[in-house]
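These numbers were taken from a predicted model, which means no experiment stands behind them.
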Amino acid sequence: MTSKLGRSARPAQLAASAGRFDGRSFDMRFSSTPRGARLARRLVGVRLDEWGVPYGSGAHEAVVLVVSELATNAVRHGHVPGRDFHLLLRLSAGPRPVVRVEVSDTRTERVPLVKPSDPELMDGGRGLLLVGDVSERWGWYPRSGAPGKTVWAECRIA
């Protein structure tokens, strides 16, 4: 069995794969607060519905869950006073469409755990386990030209 966790793609690889997206994208900065994370989740839900991924579908719920977890992590673990987090949502074209979620924050020293501790012993930290379960793959990379990191996940749209 292979793991979906980890830094599976470098920024150059991600830039090279960006060409397969058909122009449907949503790109916005949000305040690094619980309210900002909640707003990101709601706006993504609306955008997905506009793109033909309807409310109540499994794909819609999976992407909204991923956005919720990554935005919440950016607020909880990536918060730097006075700095926002950035969300990028893209829908690929083709017969097997994929939604890619990228959430960037400005905290460099706190990075996602590639192999989380035993979930039974943790008080928190199950968010990335959920992301790993509902996404095809996920990872993170340092932001280029700016402090911080970007955590990303890809969810297939059935």
Side-chain angles (χ1 to χ4, degrees), residues 4-18 20-51 53 55 59-92 98-117 119 122-157:
K4 295 185 279 186
L5 303 177
R7 292 173 65 170
S8 60
R10 305 299 304 155
Q13 292 169 319
L14 297 172
S17 70
R20 65 188 175 98
F21 289 93
D22 71 352
R24 290 187 189 182
S25 66
F26 173 72
D27 184 10
M28 192 169 188
R29 294 196 181 282
F30 295 90
S31 65
S32 189
T33 63
R35 185 177 187 181
R38 193 168 46 250
L39 180 59
R41 183 184 73 237
R42 289 185 179 183
L43 289 177
V44 164
V46 169
R47 185 58 48 110
L48 289 170
D49 190 59
E50 290 173 356
W51 290 348
V53 183
Y55 285 102
H60 188 279
E61 291 177 1
V63 174
V64 170
L65 174 66
V66 166
V67 169
S68 179
E69 293 299 334
L70 296 185
T72 298
N73 283 351
V75 169
R76 260 195 201 152
H77 306 295
H79 175 74
V80 173
R83 300 288 178 107
D84 297 337
F85 72 89
H86 179 256
L87 171 78
L88 174 62
L89 182 76
R90 296 184 294 184
L91 176 63
S92 71
V98 172
V99 172
R100 182 177 176 98
V101 177
E102 296 183 8
V103 176
S104 302
D105 64 55
T106 55
R107 190 126 183 220
T108 304
E109 73 280 4
R110 299 204 58 190
V111 298
L113 294 174
V114 174
K115 294 184 179 179
S117 304
M122 296 185 314
D123 290 334
R126 293 182 188 91
L128 290 177
L129 292 173
L130 288 171
V131 169
D133 283 345
V134 301
S135 66
E136 290 290 312
R137 60 192 191 123
W138 74 274
W140 71 277
Y141 58 90
R143 291 174 64 194
S144 62
K149 69 204 162 284
T150 297
V151 182
W152 59 270
E154 293 181 346
C155 298
R156 189 159 314 280
I157 305 300

Engineer: For residues L39 and L43, determine if any side-chain heavy atom of one lies less than 4.5 Å from a side-chain heavy atom of the other.
Structural biologist: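 The answer is yes, as the side chains (C-beta and beyond) meet within the 4.5 Å cut-off.
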
Engineer: State, with a plain yes or no, whether a side-chain heavy atom of W51 is found less than 4.5 Å away from one of L89.
Structural biologist: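 They are in contact (side-chain heavy atoms under 4.5 Å apart), so the answer is yes.
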
Engineer: Parallel under 30°, tilted from 30 to 60°, perpendicular over 60°: which one fits the rings of H60 and Y55?
Structural biologist: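 Because their plane-to-plane angle lies in the 30° to 60° range, the rings of H60 and Y55 count as tilted.
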
Engineer: Apply the side-chain contact (heavy atoms from CB on, under 4.5 Å) test between F30 and each candidate in V103, D84, L87; give the one that qualifies.
Structural biologist: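 Between F30 and the candidates, side-chain contact (heavy atoms from CB on, under 4.5 Å) is satisfied uniquely by L87.
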
Engineer: With rounding to the nearest 0.5 angstrom, report the CG to CD distance, L129 to E69.
Structural biologist: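 That separation rounds to 10.0 Å.
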
Engineer: Examine distances only and state if a side-chain atom of S68 and a backbone atom of V64 form a donor-acceptor pair shorter than 3.5 Å.
Structural biologist: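 It does not hold such a pair.
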
Engineer: Passes side-chain contact (heavy atoms from CB on, under 4.5 Å), H79 versus F85? Steps please.
Structural biologist: CA-CA 8 Å; H79 175 74; F85 72 89; over 6 Å; no

Engineer: Look up atom CZ in F26 and atom CG in L91, then write down how far apart they are to the nearest 0.5 Å.
Structural biologist: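 So the gap between those two atoms works out to 14.0 Å.
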
Engineer: Can you name the closest pair of heavy atoms from A37 and V75 and give their distance?
Structural biologist: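 What the structure gives for the nearest pair is CB-CG2, 4.1 Å.
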
Engineer: Once rounded to the nearest 0.5 Å, what's the spacing between atom CG of L88 and atom CE of M28?
Structural biologist: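 Reported value, rounded in 0.5 Å steps: 13.0 Å.
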
Engineer: Between OG of S92 and CZ of R24, what distance do you get to the nearest 0.5 Å?
Structural biologist: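 The CZ atom of R24 is 10.0 Å from OG of S92, to the nearest 0.5 Å.
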
Engineer: Using a 4.5 Å cut-off on heavy atoms from C-beta on, say whether the side chain of I157 contacts that of V99.
Structural biologist: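 The answer is yes, as the side chains (C-beta and beyond) meet within the 4.5 Å cut-off.
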
Engineer: Do the non-hydrogen side-chain atoms of K149 and R107 ever get within less than 4.5 Å of each other?
Structural biologist: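 When only atoms from C-beta onward are counted, R107 and K149 do touch, with a gap below 4.5 Å.
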
Engineer: Would a 4.5 Å heavy-atom cut-off, applied to side chains only, mark P142 and T108 as touching?
Structural biologist: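 No, every pair of side-chain atoms sits at 4.5 Å or beyond.
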
Engineer: Roughly how far, to the nearest 0.5 Å, is CZ of R110 from NE2 of H77?
Structural biologist: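 Here the interatomic distance stands at 6.0 Å.
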
Engineer: Count the heavy atoms belonging to other residues, nucleotides or ligands that lie under 6.0 Å from CZ of R76, then report whether that count exceeds 12.
Structural biologist: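 At most 12 heavy atoms, drawn from other residues, nucleotides or ligands, come within 6.0 Å of this atom.
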
Engineer: With the side chain counted from C-beta on, respond yes when V101 and L70 share a heavy-atom pair under 4.5 Å apart, and no when they do not.
Structural biologist: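 They are in contact (side-chain heavy atoms under 4.5 Å apart), so the answer is yes.
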
Engineer: Step by step, work out the side-chain contact (heavy atoms from CB on, under 4.5 Å) result for L128 and N73.
Structural biologist: CA-CA 9 Å; L128 290 177; N73 283 351; 3.9 Å; yes

Engineer: Using the test side-chain contact (heavy atoms from CB on, under 4.5 Å), find all partners of T150 that sit at least two apart in sequence or belong to another chain.
Structural biologist: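 By the side-chain contact (heavy atoms from CB on, under 4.5 Å) rule, T150 matches E102, S104, Y141, R143.
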
Engineer: Would you say R42 has more than 12 foreign heavy atoms packed within less than 6.0 Å of its CZ?
Structural biologist: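 Open.
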
Engineer: Measure the CZ-OG distance between R83 and S32 for me, rounded to the nearest 0.5 Å.
Structural biologist: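 So the gap between those two atoms works out to 11.0 Å.
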
Engineer: Please report the closest heavy-atom contact between V66 and A153, naming both atoms and the distance.
Structural biologist: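 Here V66 and A153 meet closest at CG1-CB, 3.7 Å.
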
Engineer: I'd like to check V98 versus R90 (side-chain heavy atoms, cut-off strictly below 4.5 Å). Are they in contact?
Structural biologist: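 Side chain of V98 against side chain of R90, heavy atoms only: no contact under 4.5 Å found.
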
Engineer: Who pairs with R35 by side-chain contact (heavy atoms from CB on, under 4.5 Å), at least two apart in sequence or on another chain?
Structural biologist: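 R35 satisfies side-chain contact (heavy atoms from CB on, under 4.5 Å) with T33, R38 once adjacent residues are dropped.
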
